[in-house]
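Please read these numbers as outputs of a predicted model, since none were measured by experiment. The chains referred to below are lettered A, B, ... by the order of the sequence lines, with proteins before strands, and numbering in each begins at 1.
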There are 2 protein chains.
Amino acid sequence: MAFHKKEEFTQKEQDLANFAKAMSHPARIAILKVLAQRNECICGEIVDILPLAQSTVSQHLKELKNAGLINGTVDGPRSCYCINWKAFEKFNSEFTSLFNNLKVKNEKACC
Amino acid sequence: MAFHKKEEFTQKEQDLANFAKAMSHPARIAILKVLAQRNECICGEIVDILPLAQSTVSQHLKELKNAGLINGTVDGPRSCYCINWKAFEKFNSEFTSLFNNLKVKNEKACC
DNA sequence: ATCTTATATCGCAAATATACGATTAAAGAT
DNA sequence: ATCTTTAATCGTATATTTGCGATATAAGAT
């Protein structure tokens, strides 16, 4: 690899890629689904639901948080996570708009 | 790691994750953008545009193709790629619907 | 037949991601 | 003060991704 060439792309391309990367593992999709379905924020419940060790779940949560897709607050000895809907929508619309706009001009591709 | 636990999640979760993975690199976002902007399918043009070696671009194209996001046909000594809009829309709507549906019931999260 | 052009594939090195057990930290309960 | 519970972090093993040069392939041009 020599060195990550990721910086050589535009910020928007990098942002979109980072968003996609955060969602690029089924465990993280599953976590987002669980968080979205509850009105209460959960934490250790996710560990019970997923077929993964506590430390692994914690790591996935950290990645989702770093990517800005979820919020987390410490609440005594337990911590509480939930979807960051704003960030999610922002990325989601950026994502769809990028391609939907282009699609209109270009309905019939050559292959 | 011991062994990929990815299979232990639902097919839909895996599909979504694979779709996201295909988009999880800025180079692949850039490639999709280029493909979407042209009326003609390109190939080596992408190599000129991206700051990456020909072999690397070819690899990224292969990943996008394997993920079903683009189509590719061989055309003499050159090959021709373009966005697979159908697959893209399918994933995109699955993606947004999953979270938009949940979002309605759940507008105000706890943190 | 050989040369050229355009791509794909192979082989390899380096970087990242995934997963887990063990340990640490933090706070409420006893 | 100690114990328990919950979650984060550390260390480590393994797998996967990223990237490139070199090589192979395929077809049109000479």
d([atom1], [X]; [atom2], [N]) in whole Å:
| X | N | atom1 | atom2 | value |
| --- | --- | --- | --- | --- |
| B/Leu61 | D/dT18 | CG | C1' | 15 Å |
| A/Leu50 | D/dA7 | CG | P | 13 Å |
| B/Lys6 | D/dT17 | NZ | P | 6 Å |
| A/Asn66 | D/dT9 | CG | P | 9 Å |
| B/Glu8 | C/dA19 | CD | C1' | 12 Å |
| B/Ile46 | C/dA6 | CD1 | P | 14 Å |
| B/Asp48 | C/dA6 | CG | C1' | 11 Å |
| B/Ile49 | C/dA6 | CD1 | C1' | 16 Å |

Under 4.0 Å, counting only non-hydrogen atoms across every strand here, what does [X] touch: a base, just sugar-phosphate, or nothing?
| X | value |
| --- | --- |
| A/Ser79 | sugar-phosphate |
| A/Glu63 | sugar-phosphate |
| A/Thr56 | base |

Do any side-chain nitrogens or oxygens of [X] fall under 4.0 Å of OP1 or OP2 in [N]?
| X | N | value |
| --- | --- | --- |
| B/His60 | D/dG19 | yes |
| B/Lys21 | D/dT17 | yes |
| A/Tyr81 | D/dT6 | no |
| A/Lys5 | D/dC20 | yes |

From the options D/dA15, D/dC20, D/dG19, select the nucleotide whose nearest atom is closest to the side chain of B/His25. D/dG19
Out of D/dC20, D/dA7, C/dA19, which has the shortest distance to the side chain of A/Arg78?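 It is D/dA7.
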State, with a plain yes or no, whether a side-chain heavy atom of B/Leu52 is found less than 4.5 Å away from one of A/Phe9.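 They are in contact (side-chain heavy atoms under 4.5 Å apart), so the answer is yes.
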Residue whose nearest DNA chain C nucleotide is more 5′ - B/Gln54 or B/Gln59: B/Gln54
Nearest-nucleotide wise, let me know which of A/Arg28 and B/Ser58 is further upstream toward the 5' end of DNA chain C.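 Closer to the 5' end of DNA chain C: B/Ser58.
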Relative to the 5' end of DNA chain D, which residue comes earlier, B/Leu52 or A/Val57, by the nucleotide with the nearest heavy atom? A/Val57
Would you please classify the geometry between the B/Phe88 ring and the B/Phe19 ring as parallel, tilted or perpendicular, with 30° and 60° separating the classes? perpendicular
Check ion pair [X]-[Y] (N to O, under 4.0 angstrom):
| X | Y | answer |
| --- | --- | --- |
| B/Lys33 | A/Glu13 | yes |
| A/Glu45 | A/Arg38 | yes |
| A/Lys12 | A/Glu94 | no |

